[in-house]
Asks: 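Here you go, one structure.
Order of the sequence lines fixes the chain letters, A, B, ..., with proteins taken first and strands second; residue numbering starts at 1 for each chain. None of these values were measured; they are calculated from a predicted model.
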Amino acid sequence: MSTPSTPVRVRMAPSPTGSPHVGLVRTALFNYAFAKHAQLSGQGGTFVLRVEDTDKERSTEESYTSILELFRWLGLDWDEGVEVGGPYGPYRQSERSDLYRDVLERLRASSYTYDCYCRNDEVEARRKASGSKVMGYDGFCRDLTSEQVEAFRAEGREPLVRFRMPEGSISWDDLVRGEVTFETEFVPDFALCRANGDPLYTLTAPVDDATMRITHVLRGEDLLSSTPRQIALFDAMKEIGVAEVTPLYGHLPYVMGEGNKKLSKRDPQAHALAYRDQGFLPEGLLNYVALLGWSIAADRDVFDLEEMVEAFDIKDVNANPARFDLKKAEAINTAHMRRLPVEEIQHRALPFLKAAGVVGDPVRDADAQLLELAMPLVAERVNKLAEVPQMLGFLFVPEEEFTRDQADVEKLLDEEGRRVVQAAHDAVAALGTWSTAAIQEALQTTLVEELGLKPRVAFGPVRVAITGRRVSPPLFESMELLGRERSLARLASAL
RNA sequence: GCCCCGUUCGUCUAGCGGCCCAGGACGCUGGCCUCUCACGCCGGAAGCACGGGUUCGAAUCCCGUACGGGGUACCA
């Protein structure tokens with residue numbers, strides 16, 4: 001097969017059924033990187049977003065919306081497609097019915113298709129009787145006589161339209177797997193539209209790829225076996241003048257969950273937007289997902305989108321399935337958190353702070369100022385944005401609503417702990433200046449030096465008294481920000 | 001069943017015939033740093049599925065086997 005010499009055009013073609021999957025993110029990302037890389041070398045590089053909603057039963061508007069939301073959050077901007085328009089629209093298959101009907105009509109006129117009146121049980125019965133090993137349709141209706149057609153019609157049967165698969169074999173040079181060949185005897189004649197006239201994916205995807213001038217199709221491995229059918233259909237479409245070139249295909253490996261099963265929609269780890277809600281950074285998720293089947297270099301695995309685009313080559317993509325490892329995803333995300341300046345983390349954490357009720361919406365001036373001071377304390381120790389409100393809550397909460405973690409209280413504010421807190425209270429109450437340095441010195445002197453406590457034993461109870469948790473921002477800084485009044489009050493209330 | 005795809009540490013990968021008694025990362029683990037946590041730093045255990053070829057030489061090429069996955073719809 002020849003390489004299309006036309007400018008590179010790729011597409012992302014999700015069907016809006018259910019909540020978007022991380023596998024979709026990976027496919028979208030690789031398509032995006034492929035397009036943008038082509039752009040860099042002046043080979044075109046248009047990234048199209050088309051929505052495959054031909055299945056009216058399963059498609060939902062909610063799913064459609066969340067897919068767009070996902071791509072926007074990730075920054076995987078599409079050049080052409082749904083909502084943004086373009087020269088080959090519309091980009092929702094549900095709005096392209098006339099096109100499909102027209103192509104189907106022309107295909108039928110050239111005998112590339114035939115009407116099929118069979119019922120599934122009949123096909124199955126024939127298969128059993130013949131002992132054929134090939135599942136699927138047997139081509140029974142390929143050459144029906146007009147009498148047979150009459151008879152079926154008389155029974156009230158409505159035909160669906162099947163594509164007549166050619167004899168021989170079909171092979172293509174898969175962009176990620178190399179040469180793949182199917183004997184067409186194992187590729188049954190497939191349905192192009194339902195008996196009620198609704199077009200099926202088998203028709204719509206190739207028709208759209210043809211009419212949208214798609215040059216490279218990068219998609220999931222699950223579509224591998226539908227490729228010979230699409231190539232055959234492309235040959236027919238070229239004959240009737242609907243298509244010019246057959247795109248090049250590349251089949252990306254699966255993203256699997258725990259064990260050896262494909263990450264299913266039931267798996268909570270599968271839902272892409274859940275990562276946003278947990279406080280993942282889009283660059284973190286993207287980076288991790290890129291690692292599933294691709295690598296930028298032997299000794300490096302943290303990079304941003306731009307670097308990926310620069311380095312991406314579909315030939316480097318692995319053909320074997322990858323398991324999604326949450327731990328590593330989090331680690332990669334952490335690396336991206338560390339790359340961000342404090343102001344940026346603050347900016348991105350704001351929605352989380354608001355959602356948790358830590359600050360109001362809009363943010364009050366006093367809270368904004370406090371946030372400014374507190375953010376540097378936590379920015380370098382949180383791994384996900386959602387941890388920010390947990391870490392900072394104690395500073396913003398009104399005193400009467402302040403609570404402590406029960407388990408931490410039991411563990412650290414026992415009799416011994418309360419003695420430490422009492423000592424801390426007394427040491428700090430006398431302070432002339434309320435500053436981190438002064439607080440630290442006072443506590444260090446009385447608790448560690450005078451009482452002879454180990455630092456961790458000394459400060460643990462104080463930390464729980466002040467912040468309510470065993471895990472918190474640095475203690476002395478926290479006390480300074482909390483202020484003398486509130487700090488003393490909390491120490492006292494812990495007794 | 002049949003067709004197709006895949007197989008390097010637990011996981012993601014580097015490797016595209018000699019640079020590899022296999023490198024990195026996450027995880028695990030010993031230690032350091034340390035007011036908690038997180039980060040960071042130093043060290044450790046851990047892998048070429050198996051069997052045949054080809055070759056002076058194979059993780060790399062070929063063929064089998066085993067195992068895993070997908071498809072086999074009037075879903076996509």
Asks: Phosphate oxygens OP1/OP2 of B/rU36: is one of them under 4.0 Å from a side-chain N or O of A/Arg456?
Replies: yes

Asks: Measure from the side chain of A/Glu477, starting at C-beta and using heavy atoms only, and say which of B/rA38, B/rC35, B/rU36 lies closest.
Replies: B/rC35

Asks: Does A/Arg381 put a side-chain nitrogen or oxygen below 4.0 Å from OP1 or OP2 of B/rU36?
Replies: no

Asks: Strictly by side chain to side chain donor-acceptor pair (under 3.5 Å), give each pair with a member in residues 280-299 of chain A just once, sequence neighbours left out.
Replies: A/Glu283-A/Arg348, A/Asn287-A/His336

Asks: Quick one: is B/rA76 close enough that its OP1 or OP2 comes under 4.0 Å of any side-chain N or O from A/Arg219?
Replies: no

Asks: So what does A/Leu443 touch, heavy atoms closer than 4.0 Å: a base, only the sugar-phosphate, or nothing?
Replies: nothing

Asks: What protein N or O atoms touch nucleotides 23-29 of chain B N or O atoms at under 3.5 angstrom, if any, and at what distances?
Replies:
unit_1 : atom_1 : unit_2   : atom_2 : d
B/rG23 : N2     : A/Ala298 : O      : 3.1
B/rA25 : O4'    : A/Asp301 : OD2    : 3.4
B/rA25 : O2'    : A/Asp301 : OD2    : 2.6
B/rA25 : O2'    : A/Lys328 : NZ     : 3.1
B/rA25 : N3     : A/Lys328 : NZ     : 3.0
B/rC26 : O2'    : A/Lys328 : N      : 3.2

Asks: I'd like a list of close polar pairs between nucleotides 1-9 of chain B and the protein, N/O only, cut-off under 3.5 Å.
Replies:
unit_1 : atom_1 : unit_2   : atom_2 : d
B/rG1  : N2     : A/Lys133 : O      : 2.9
B/rC5  : O2'    : A/Arg177 : NH1    : 2.2

Asks: In a table with atom names and distances, give each donor-acceptor pair under 3.5 Å that connects a side chain of residues 187-194 of chain A to protein atoms at least two apart or in another chain.
Replies:
unit_1   : atom_1 : unit_2   : atom_2 : d
A/Asp189 : OD1    : A/Arg142 : NH2    : 3.1
A/Asp189 : OD1    : A/Met165 : N      : 2.8
A/Asp189 : OD2    : A/Tyr114 : OH     : 2.6
A/Asp189 : OD2    : A/Arg142 : NE     : 2.8
A/Asp189 : OD2    : A/Arg142 : NH2    : 3.4

Asks: What is the nucleic acid contact for A/Thr54, judged by heavy atoms within less than 4.0 Å: base, sugar-phosphate only, or nothing?
Replies: sugar-phosphate

Asks: Holding to side-chain hydrogen bond (donor to acceptor under 3.5 Å, both in side chains), I want the full list of residues that pass it with A/Thr436, two or more places apart in sequence or in another chain.
Replies: A/Glu480

Asks: Which of these nucleotides, B/rU36, B/rC39, B/rA14, is closest to any side-chain atom of A/Thr334?
Replies: B/rC39

Asks: Looking across every strand, which nucleic acid part, if any, lies under 4.0 Å from A/Arg470 by heavy atom: base, sugar-phosphate, or nothing?
Replies: base

Asks: Name every donor-acceptor pair, under 3.5 Å, that has one atom in a side chain of residues 437-459 of chain A and the other anywhere in the protein, sequence neighbours excluded.
Replies:
unit_1   : atom_1 : unit_2   : atom_2 : d
A/Thr445 : OG1    : A/Glu441 : O      : 2.7
A/Thr446 : OG1    : A/Ala442 : O      : 2.9

